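Note on naming: letters A, B, ... go to the chains in the order of the sequence lines (proteins, then strands), and numbering restarts at 1 for each one. Here the structure is a predicted model, which means the values were calculated and not measured.
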Protein chains: 2
Amino acid sequence: MTTQRRVLIETMQEAKEHLDVSSLLALARKREPGIDRATVYRTIEKLKKFGLVDELDLMHMNGEKHYYEVKPKRDHVHLACLQCGQVEEFSSPLFEQLKREITEQTGFEILVTRLEVGGRCSVCRNSNKR
Amino acid sequence: MTTQRRVLIETMQEAKEHLDVSSLLALARKREPGIDRATVYRTIEKLKKFGLVDELDLMHMNGEKHYYEVKPKRDHVHLACLQCGQVEEFSSPLFEQLKREITEQTGFEILVTRLEVGGRCSVCRNSNKR
DNA sequence: TGCTTGTTGCGACTAAGTCGCATCTAGAAG
DNA sequence: CTTCTAGATGCGACTTAGTCGCAACAAGCA
Ligand SMILES: [Zn+2]
Ligand SMILES: [Zn+2]
Ligand SMILES: [Zn+2]
Ligand SMILES: [Zn+2]
(Lines give C-alpha, C1' and ligand atoms only; values in the text may rest on other atoms or scores of the structure.)
(Ligands and ions follow the chains in the order given, each with its own letter.)
Protein backbone atom coordinates (compact mmCIF):
# COMPACT_ATOMS: atom_id res chain seq x y z
CA MET A 1 0.00 0.00 0.00
CA THR A 2 1.72 3.15 -1.25
CA THR A 3 0.81 6.82 -0.86
CA GLN A 4 -0.19 7.04 -4.51
CA ARG A 5 -2.60 4.14 -4.24
CA ARG A 6 -4.15 5.50 -1.09
CA VAL A 7 -4.65 8.89 -2.73
CA LEU A 8 -6.17 7.37 -5.84
CA ILE A 9 -8.63 5.26 -3.89
CA GLU A 10 -9.61 8.16 -1.64
CA THR A 11 -10.07 10.41 -4.64
CA MET A 12 -12.41 7.93 -6.27
CA GLN A 13 -14.38 7.41 -3.09
CA GLU A 14 -14.89 11.10 -2.53
CA ALA A 15 -15.82 11.90 -6.11
CA LYS A 16 -19.53 12.19 -6.58
CA GLU A 17 -19.35 11.44 -10.28
CA HIS A 18 -17.70 8.73 -12.31
CA LEU A 19 -14.16 9.75 -13.18
CA ASP A 20 -12.17 9.16 -16.31
CA VAL A 21 -8.41 8.76 -16.12
CA SER A 22 -7.53 12.37 -16.75
CA SER A 23 -10.00 13.78 -14.22
CA LEU A 24 -8.86 11.23 -11.69
CA LEU A 25 -5.26 12.20 -12.32
CA ALA A 26 -6.05 15.90 -12.01
CA LEU A 27 -7.91 15.44 -8.73
CA ALA A 28 -5.31 13.10 -7.30
CA ARG A 29 -2.56 15.60 -8.09
CA LYS A 30 -4.17 18.14 -5.79
CA ARG A 31 -3.17 15.88 -2.93
CA GLU A 32 -0.08 14.28 -4.34
CA PRO A 33 1.32 16.55 -7.05
CA GLY A 34 3.99 14.29 -8.48
CA ILE A 35 1.70 11.43 -9.30
CA ASP A 36 2.07 10.07 -12.82
CA ARG A 37 -0.37 9.04 -15.54
CA ALA A 38 1.19 5.59 -15.81
CA THR A 39 0.67 5.03 -12.11
CA VAL A 40 -3.01 5.79 -12.49
CA TYR A 41 -3.36 3.25 -15.29
CA ARG A 42 -1.38 0.63 -13.39
CA THR A 43 -3.35 1.19 -10.21
CA ILE A 44 -6.71 0.99 -11.92
CA GLU A 45 -5.61 -2.24 -13.54
CA LYS A 46 -4.78 -3.74 -10.15
CA LEU A 47 -7.95 -2.47 -8.51
CA LYS A 48 -10.01 -3.98 -11.29
CA LYS A 49 -8.28 -7.33 -10.82
CA PHE A 50 -8.98 -7.25 -7.10
CA GLY A 51 -12.61 -6.38 -7.77
CA LEU A 52 -12.37 -3.04 -5.98
CA VAL A 53 -13.32 -0.80 -8.88
CA ASP A 54 -15.65 -1.15 -11.83
CA GLU A 55 -15.06 0.21 -15.29
CA LEU A 56 -17.71 1.93 -17.34
CA ASP A 57 -18.15 3.31 -20.83
CA LEU A 58 -21.25 5.39 -20.11
CA MET A 59 -22.19 4.84 -23.72
CA HIS A 60 -19.14 6.85 -24.84
CA MET A 61 -21.10 10.05 -24.70
CA ASN A 62 -17.90 12.11 -24.47
CA GLY A 63 -15.37 10.38 -26.64
CA GLU A 64 -13.70 7.09 -26.01
CA LYS A 65 -12.82 7.50 -22.35
CA HIS A 66 -13.50 4.90 -19.73
CA TYR A 67 -14.88 5.77 -16.33
CA TYR A 68 -14.25 4.26 -12.94
CA GLU A 69 -16.04 3.92 -9.63
CA VAL A 70 -15.33 2.03 -6.44
CA LYS A 71 -17.38 -1.12 -6.57
CA PRO A 72 -20.58 -0.58 -4.61
CA LYS A 73 -21.93 -3.27 -2.24
CA ARG A 74 -24.80 -3.78 -4.61
CA ASP A 75 -24.24 -3.66 -8.33
CA HIS A 76 -26.25 -0.99 -10.06
CA VAL A 77 -27.37 -0.23 -13.54
CA HIS A 78 -26.06 2.95 -15.15
CA LEU A 79 -28.63 4.89 -17.08
CA ALA A 80 -26.95 7.37 -19.39
CA CYS A 81 -29.14 10.03 -20.99
CA LEU A 82 -27.92 10.50 -24.54
CA GLN A 83 -29.55 13.91 -24.68
CA CYS A 84 -28.45 15.75 -21.53
CA GLY A 85 -25.58 13.52 -20.50
CA GLN A 86 -26.93 12.88 -17.02
CA VAL A 87 -26.07 9.50 -15.46
CA GLU A 88 -28.53 7.85 -13.10
CA GLU A 89 -27.97 4.75 -11.05
CA PHE A 90 -30.55 2.11 -10.39
CA SER A 91 -30.40 -1.13 -8.51
CA SER A 92 -32.91 -3.90 -8.34
CA PRO A 93 -33.35 -7.37 -6.90
CA LEU A 94 -34.21 -8.44 -10.43
CA PHE A 95 -30.62 -7.83 -11.42
CA GLU A 96 -29.39 -10.06 -8.59
CA GLN A 97 -31.89 -12.67 -9.65
CA LEU A 98 -30.71 -12.48 -13.24
CA LYS A 99 -27.13 -13.06 -12.12
CA ARG A 100 -28.19 -16.09 -10.11
CA GLU A 101 -30.05 -17.42 -13.10
CA ILE A 102 -27.00 -17.02 -15.32
CA THR A 103 -24.81 -19.02 -12.97
CA GLU A 104 -27.43 -21.73 -12.48
CA GLN A 105 -28.18 -22.18 -16.14
CA THR A 106 -24.74 -21.86 -17.68
CA GLY A 107 -22.35 -22.78 -14.87
CA PHE A 108 -20.55 -19.48 -15.42
CA GLU A 109 -18.89 -18.08 -12.31
CA ILE A 110 -19.54 -14.33 -12.27
CA LEU A 111 -16.73 -12.07 -11.08
CA VAL A 112 -17.65 -8.70 -12.58
CA THR A 113 -20.78 -7.30 -14.15
CA ARG A 114 -21.46 -4.25 -16.12
CA LEU A 115 -24.93 -3.16 -17.11
CA GLU A 116 -25.23 0.10 -18.96
CA VAL A 117 -28.24 1.58 -20.60
CA GLY A 118 -28.51 4.49 -23.01
CA GLY A 119 -31.63 6.47 -23.74
CA ARG A 120 -33.55 9.51 -22.56
CA CYS A 121 -34.07 10.43 -18.94
CA SER A 122 -37.49 11.42 -17.63
CA VAL A 123 -36.53 15.11 -17.51
CA CYS A 124 -35.58 15.19 -21.19
CA ARG A 125 -38.65 13.18 -22.08
CA ASN A 126 -40.90 15.69 -20.39
CA SER A 127 -39.20 18.84 -21.60
CA ASN A 128 -39.31 17.93 -25.29
CA LYS A 129 -42.10 15.51 -25.98
CA ARG A 130 -41.78 12.73 -28.56
CA MET B 1 -26.93 3.21 -49.01
CA THR B 2 -23.45 2.92 -50.44
CA THR B 3 -21.41 -0.13 -51.45
CA GLN B 4 -19.11 0.32 -48.47
CA ARG B 5 -21.99 0.32 -46.01
CA ARG B 6 -23.56 -2.71 -47.58
CA VAL B 7 -20.26 -4.57 -47.41
CA LEU B 8 -19.68 -3.61 -43.79
CA ILE B 9 -23.13 -4.73 -42.72
CA GLU B 10 -22.88 -8.00 -44.62
CA THR B 11 -19.46 -8.66 -43.16
CA MET B 12 -20.77 -8.20 -39.63
CA GLN B 13 -23.79 -10.36 -40.27
CA GLU B 14 -21.74 -13.22 -41.65
CA ALA B 15 -19.09 -13.08 -38.96
CA LYS B 16 -19.59 -15.72 -36.32
CA GLU B 17 -17.61 -13.82 -33.69
CA HIS B 18 -17.66 -10.27 -32.43
CA LEU B 19 -15.42 -8.10 -34.57
CA ASP B 20 -13.20 -5.23 -33.60
CA VAL B 21 -12.54 -2.40 -36.05
CA SER B 22 -9.36 -3.81 -37.53
CA SER B 23 -10.76 -7.31 -38.09
CA LEU B 24 -13.88 -5.82 -39.57
CA LEU B 25 -11.78 -3.68 -41.87
CA ALA B 26 -9.64 -6.64 -42.92
CA LEU B 27 -12.66 -8.82 -43.70
CA ALA B 28 -14.49 -6.05 -45.50
CA ARG B 29 -11.47 -5.41 -47.68
CA LYS B 30 -11.69 -8.92 -49.10
CA ARG B 31 -14.86 -7.81 -50.84
CA GLU B 32 -14.18 -4.15 -51.32
CA PRO B 33 -10.41 -3.64 -51.28
CA GLY B 34 -10.26 0.14 -51.25
CA ILE B 35 -12.36 0.60 -48.14
CA ASP B 36 -10.87 2.94 -45.57
CA ARG B 37 -10.46 2.84 -41.78
CA ALA B 38 -12.22 6.17 -41.37
CA THR B 39 -15.22 4.85 -43.27
CA VAL B 40 -15.47 1.92 -40.90
CA TYR B 41 -15.50 4.25 -37.89
CA ARG B 42 -17.99 6.58 -39.49
CA THR B 43 -20.27 3.74 -40.53
CA ILE B 44 -20.23 2.11 -37.11
CA GLU B 45 -21.11 5.46 -35.58
CA LYS B 46 -24.14 5.77 -37.83
CA LEU B 47 -25.24 2.19 -37.31
CA LYS B 48 -25.05 2.66 -33.56
CA LYS B 49 -27.20 5.79 -33.80
CA PHE B 50 -29.78 3.92 -35.84
CA GLY B 51 -29.77 1.09 -33.34
CA LEU B 52 -28.57 -1.45 -35.89
CA VAL B 53 -25.38 -2.49 -34.15
CA ASP B 54 -24.32 -2.87 -30.54
CA GLU B 55 -20.93 -2.06 -29.13
CA LEU B 56 -19.11 -4.25 -26.64
CA ASP B 57 -15.97 -4.16 -24.54
CA LEU B 58 -15.89 -7.87 -23.74
CA MET B 59 -14.17 -6.91 -20.52
CA HIS B 60 -11.16 -5.63 -22.48
CA MET B 61 -9.59 -9.05 -22.48
CA ASN B 62 -7.42 -8.18 -25.48
CA GLY B 63 -6.45 -4.55 -25.07
CA GLU B 64 -8.69 -1.57 -25.42
CA LYS B 65 -10.54 -2.54 -28.56
CA HIS B 66 -14.27 -2.30 -28.93
CA TYR B 67 -16.31 -5.03 -30.56
CA TYR B 68 -19.42 -4.85 -32.68
CA GLU B 69 -22.35 -7.06 -33.56
CA VAL B 70 -25.57 -6.55 -35.45
CA LYS B 71 -28.28 -5.96 -32.91
CA PRO B 72 -30.14 -9.18 -32.28
CA LYS B 73 -33.97 -9.28 -32.00
CA ARG B 74 -33.58 -10.14 -28.35
CA ASP B 75 -30.88 -8.51 -26.28
CA HIS B 76 -28.47 -10.95 -24.75
CA VAL B 77 -25.91 -10.97 -22.02
CA HIS B 78 -22.28 -11.47 -22.98
CA LEU B 79 -20.38 -13.79 -20.70
CA ALA B 80 -16.65 -13.35 -21.17
CA CYS B 81 -14.38 -15.95 -19.62
CA LEU B 82 -11.35 -14.14 -18.24
CA GLN B 83 -9.35 -17.34 -18.31
CA CYS B 84 -9.85 -18.86 -21.77
CA GLY B 85 -11.26 -15.83 -23.55
CA GLN B 86 -14.39 -17.63 -24.73
CA VAL B 87 -17.50 -15.47 -25.11
CA GLU B 88 -20.92 -16.99 -24.46
CA GLU B 89 -24.27 -15.39 -25.06
CA PHE B 90 -27.27 -15.79 -22.85
CA SER B 91 -30.73 -14.34 -23.02
CA SER B 92 -33.49 -14.43 -20.49
CA PRO B 93 -36.98 -13.06 -19.91
CA LEU B 94 -35.63 -11.73 -16.62
CA PHE B 95 -33.54 -9.27 -18.57
CA GLU B 96 -36.59 -8.03 -20.44
CA GLN B 97 -38.43 -7.77 -17.16
CA LEU B 98 -35.59 -5.77 -15.65
CA LYS B 99 -35.71 -3.32 -18.54
CA ARG B 100 -39.43 -2.88 -18.09
CA GLU B 101 -38.90 -2.27 -14.40
CA ILE B 102 -36.30 0.40 -15.10
CA THR B 103 -38.63 2.32 -17.39
CA GLU B 104 -41.56 2.01 -15.01
CA GLN B 105 -39.67 3.09 -11.94
CA THR B 106 -37.45 5.82 -13.32
CA GLY B 107 -39.26 7.04 -16.42
CA PHE B 108 -36.09 6.44 -18.41
CA GLU B 109 -36.71 5.61 -22.06
CA ILE B 110 -34.32 2.80 -23.00
CA LEU B 111 -32.73 2.92 -26.44
CA VAL B 112 -29.66 0.71 -26.05
CA THR B 113 -28.54 -1.76 -23.45
CA ARG B 114 -25.28 -3.44 -22.80
CA LEU B 115 -24.88 -6.18 -20.24
CA GLU B 116 -21.49 -7.75 -19.98
CA VAL B 117 -20.24 -10.20 -17.43
CA GLY B 118 -16.71 -11.34 -16.70
CA GLY B 119 -15.74 -14.49 -14.87
CA ARG B 120 -14.95 -18.14 -15.48
CA CYS B 121 -16.86 -20.37 -17.86
CA SER B 122 -18.00 -23.84 -16.83
CA VAL B 123 -15.23 -25.50 -18.86
CA CYS B 124 -12.49 -23.58 -17.08
CA ARG B 125 -14.18 -24.16 -13.74
CA ASN B 126 -14.19 -27.88 -14.27
CA SER B 127 -10.72 -28.24 -15.71
CA ASN B 128 -8.94 -26.43 -12.88
CA LYS B 129 -10.95 -26.61 -9.70
CA ARG B 130 -10.90 -23.85 -7.09
C1' DT C 1 18.86 0.47 10.19
C1' DG C 2 19.70 -1.73 6.39
C1' DC C 3 17.68 -5.14 2.61
C1' DT C 4 14.61 -6.75 -0.79
C1' DT C 5 10.84 -6.63 -3.61
C1' DG C 6 7.53 -4.36 -5.75
C1' DT C 7 6.12 0.44 -7.17
C1' DT C 8 6.88 4.84 -9.18
C1' DG C 9 8.19 8.53 -12.59
C1' DC C 10 9.83 9.39 -16.78
C1' DG C 11 9.96 9.39 -21.61
C1' DA C 12 9.40 7.26 -25.66
C1' DC C 13 6.22 4.46 -27.89
C1' DT C 14 1.90 1.93 -29.98
C1' DA C 15 -2.72 1.77 -30.95
C1' DA C 16 -7.39 3.69 -31.22
C1' DG C 17 -10.03 7.08 -32.97
C1' DT C 18 -10.81 11.84 -35.32
C1' DC C 19 -10.90 15.50 -38.73
C1' DG C 20 -10.49 18.62 -42.86
C1' DC C 21 -10.56 18.57 -47.41
C1' DA C 22 -10.77 17.31 -52.23
C1' DT C 23 -13.01 13.83 -54.86
C1' DC C 24 -16.61 10.76 -55.86
C1' DT C 25 -21.25 8.55 -56.08
C1' DA C 26 -26.28 7.43 -54.97
C1' DG C 27 -30.23 8.47 -56.27
C1' DA C 28 -33.63 12.26 -57.14
C1' DA C 29 -35.22 15.42 -60.53
C1' DG C 30 -35.76 16.78 -65.17
C1' DC D 1 -30.67 8.91 -70.06
C1' DT D 2 -28.37 12.97 -68.34
C1' DT D 3 -27.64 16.35 -64.89
C1' DC D 4 -27.29 17.92 -60.32
C1' DT D 5 -26.48 17.92 -55.37
C1' DA D 6 -26.21 16.35 -50.78
C1' DG D 7 -23.94 13.38 -48.50
C1' DA D 8 -20.26 9.67 -48.31
C1' DT D 9 -15.56 8.23 -49.21
C1' DG D 10 -10.32 8.09 -49.22
C1' DC D 11 -6.44 10.09 -47.81
C1' DG D 12 -3.21 11.86 -44.66
C1' DA D 13 -2.16 14.27 -40.84
C1' DC D 14 -3.45 14.53 -36.28
C1' DT D 15 -5.10 13.84 -31.28
C1' DT D 16 -5.90 11.05 -27.42
C1' DA D 17 -5.84 6.72 -24.77
C1' DG D 18 -3.10 3.42 -23.10
C1' DT D 19 1.60 0.72 -22.73
C1' DC D 20 6.38 -0.39 -21.66
C1' DG D 21 11.38 -0.59 -20.30
C1' DC D 22 14.26 1.13 -17.16
C1' DA D 23 16.58 3.48 -13.39
C1' DA D 24 15.45 5.54 -9.00
C1' DC D 25 12.70 4.98 -4.99
C1' DA D 26 9.99 3.54 -0.82
C1' DA D 27 7.21 0.04 2.01
C1' DG D 28 7.59 -2.86 5.36
C1' DC D 29 10.08 -6.71 7.23
C1' DA D 30 14.28 -8.66 9.64
ZN1 LIG E 1 -31.67 13.78 -20.08
ZN1 LIG F 1 -22.15 4.06 -10.62
ZN1 LIG G 1 -15.14 0.63 -23.78
ZN1 LIG H 1 -13.23 -20.33 -20.08
Side-chain angles (χ1 to χ4, degrees), chain A residues 1-12 17-50 52-69 82 85 112 114 116 118, chain B residues 1-12 17-50 52-69 80 82 85 114 116 118:
Chain A
M1 182 51 58
T2 65
T3 313
Q4 292 85 335
R5 284 182 189 170
R6 215 183 335 269
V7 167
L8 287 168
I9 294 169
E10 284 169 14
T11 305
M12 292 181 77
E17 24 157 33
H18 303 99
L19 301 174
D20 62 41
V21 172
S22 54
S23 330
L24 174 55
L25 178 59
L27 286 175
R29 274 185 168 156
K30 294 195 175 168
R31 295 177 181 228
E32 185 65 19
I35 199 164
D36 193 77
R37 218 168 78 261
T39 303
V40 177
Y41 281 108
R42 289 190 280 229
T43 303
I44 285 173
E45 210 45 46
K46 284 240 156 63
L47 295 174
K48 277 201 289 176
K49 280 232 173 59
F50 280 81
L52 295 170
V53 308
D54 282 331
E55 184 179 60
L56 300 169
D57 271 23
L58 299 181
M59 262 38 207
H60 288 146
M61 286 184 303
N62 290 303
E64 297 297 307
K65 309 172 208 293
H66 288 110
Y67 298 86
Y68 302 91
E69 76 178 348
L82 302 174
V112 225
R114 185 162 154 191
E116 306 190 44
Chain B
M1 182 52 59
T2 65
T3 314
Q4 292 86 334
R5 286 184 186 170
R6 214 183 334 271
V7 167
L8 286 170
I9 294 168
E10 284 169 14
T11 305
M12 294 183 76
E17 22 157 34
H18 303 101
L19 300 174
D20 60 40
V21 172
S22 55
S23 329
L24 173 55
L25 178 59
L27 286 174
R29 275 186 168 156
K30 293 194 176 167
R31 294 177 182 227
E32 186 65 19
I35 199 164
D36 192 75
R37 218 167 78 264
T39 302
V40 177
Y41 281 108
R42 291 190 277 229
T43 303
I44 285 173
E45 210 47 45
K46 284 244 155 61
L47 294 174
K48 277 202 287 178
K49 281 232 173 60
F50 281 80
L52 295 170
V53 307
D54 282 331
E55 184 178 59
L56 300 168
D57 271 24
L58 298 181
M59 262 37 206
H60 287 148
M61 288 184 302
N62 291 302
E64 297 297 306
K65 309 172 208 291
H66 288 110
Y67 298 86
Y68 302 90
E69 76 179 351
L82 303 174
R114 186 161 153 189
E116 305 191 44

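- Regarding A:Glu45, its CD atom lies at a distance of 10 Å from the C1' atom of D:dG18, rounded to whole Å.
- Contact between A:Ala28 and A:Leu8 at its shortest, heavy atoms only, is CB-CD2, 3.8 Å.
- For the atom pair B:Lys65 NZ and B:His18 NE2, the distance stands at 15.5 Å (nearest 0.5 Å).
- Between the side chain of B:Arg37 and the base of D:dG10, no donor-acceptor pair under 3.5 Å is found.
- Each of B:Arg5 and B:Arg29 was assigned the nucleotide of DNA chain D with the nearest heavy atom; the assignment lying further toward the 5' end belongs to B:Arg5.
- Residue-level contact check: A:Ser22 touches neither bases nor backbone, having no heavy atom under 4.0 Å from any strand.
- Distance B:His66 NE2 to C:dT18 C1': 15 Å, rounded to the nearest Å.
- A straight line from CD of B:Glu55 to P of C:dG17 spans 8 Å, rounded to a whole angstrom.
- One finds the OH atom of A:Tyr68 at 5.0 Å from the NZ atom of A:Lys48 (value rounded to the nearest 0.5 Å).
- Dashed line: the shortest gap from a side-chain N or O of B:Thr3 to OP1 or OP2 of C:dA26 is under 4.0 Å.
- Regarding contacts with the backbone of D:dG18, every side-chain N or O of B:Lys65 stays at 4.0 angstrom or more from both OP1 and OP2.
- Closest to the A:Thr39 side chain, of the nucleotides C:dG17, D:dG18, C:dT8, is C:dT8.
- Atom CZ in B:Phe50 sits about 12 Å away from atom C1' in D:dG7, given to the nearest Å.
- Nearest nucleotide to the side chain of B:Tyr41, out of D:dG18, C:dA16, C:dT8: C:dA16.
- Comparing the axis of the opening five pairs of the helix from C:dT1-D:dA30 to C:dG30-D:dC1 with that of the closing five pairs yields an angle of 40°, rounded to 10°.
- The residue among A:Asp36 and A:Glu64 whose nearest nucleotide of DNA chain C is located toward the 5' end is A:Asp36.
- In this entry the distance linking CG of A:Asp57 with C1' of C:dG17 reads 14 Å, nearest Å.
- In this structure, B:Leu25 atom CG and D:dC11 atom P are separated by 11 Å, rounded to whole Å.
- Taking atom NZ of B:Lys46 as the reference point, atom P of C:dT18 lies 13 Å away to the nearest angstrom.
- If you take OH of B:Tyr67 and P of C:dA16, they are 10 Å apart, rounded to a whole angstrom.
- Within 4.0 Å (heavy atoms only), B:Gly63 reaches no atom of the nucleic acid at all.
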Indicate every side-chain donor-acceptor pair of residues 35-45 of chain A with a distance under 3.5 Å to a residue at least two apart or in another chain.
residue : atom : partner : partner atom : Å
A:Asp36 : OD2  : A:Ala38 : N            : 2.9
A:Thr43 : OG1  : A:Thr39 : O            : 2.7

Scan nucleotides 20-22 of chain C against the protein and return all N/O pairs shorter than 3.5 Å with their distances rounded to 0.1 Å.
residue : atom : partner : partner atom : Å
C:dG20  : O6   : B:Arg42 : NH1          : 3.4

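- To the nearest 0.5 angstrom, B:Leu56 atom CG is 6.0 Å from B:Arg114 atom CZ.
- Listed candidates were D:dA17, D:dG28, C:dG9. Nearest to the side chain of A:Gln4 is C:dG9.
- Counting only N and O atoms by type, the side chains of B:Asp57 and B:His66 include a donor and acceptor under 3.5 Å apart.
- A pairwise comparison of heavy atoms in B:Thr11 and B:Val7 identifies OG1-O, 2.6 Å as the closest pair.
- Considering all non-hydrogen atoms of both residues, B:Leu58 and B:Ala80 come closest at O-CB, 4.3 Å.
- For the OP1/OP2 pair of D:dG18 and a distance below 4.0 Å, the side-chain nitrogens and oxygens of B:His60 include no atom meeting the criterion.
- Taking every heavy atom of both residues into account, A:Met12 and A:Glu69 meet most closely at CE-N, 3.7 Å.
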message = Quick one, B:Arg6 with B:Glu32, criterion side-chain contact (heavy atoms from CB on, under 4.5 Å). Give me CA distance, side-chain angles, the key distance, then yes/no.
response = CA-CA 10 Å; B:Arg6 214 183 334 271; B:Glu32 186 65 19; over 6 Å; no
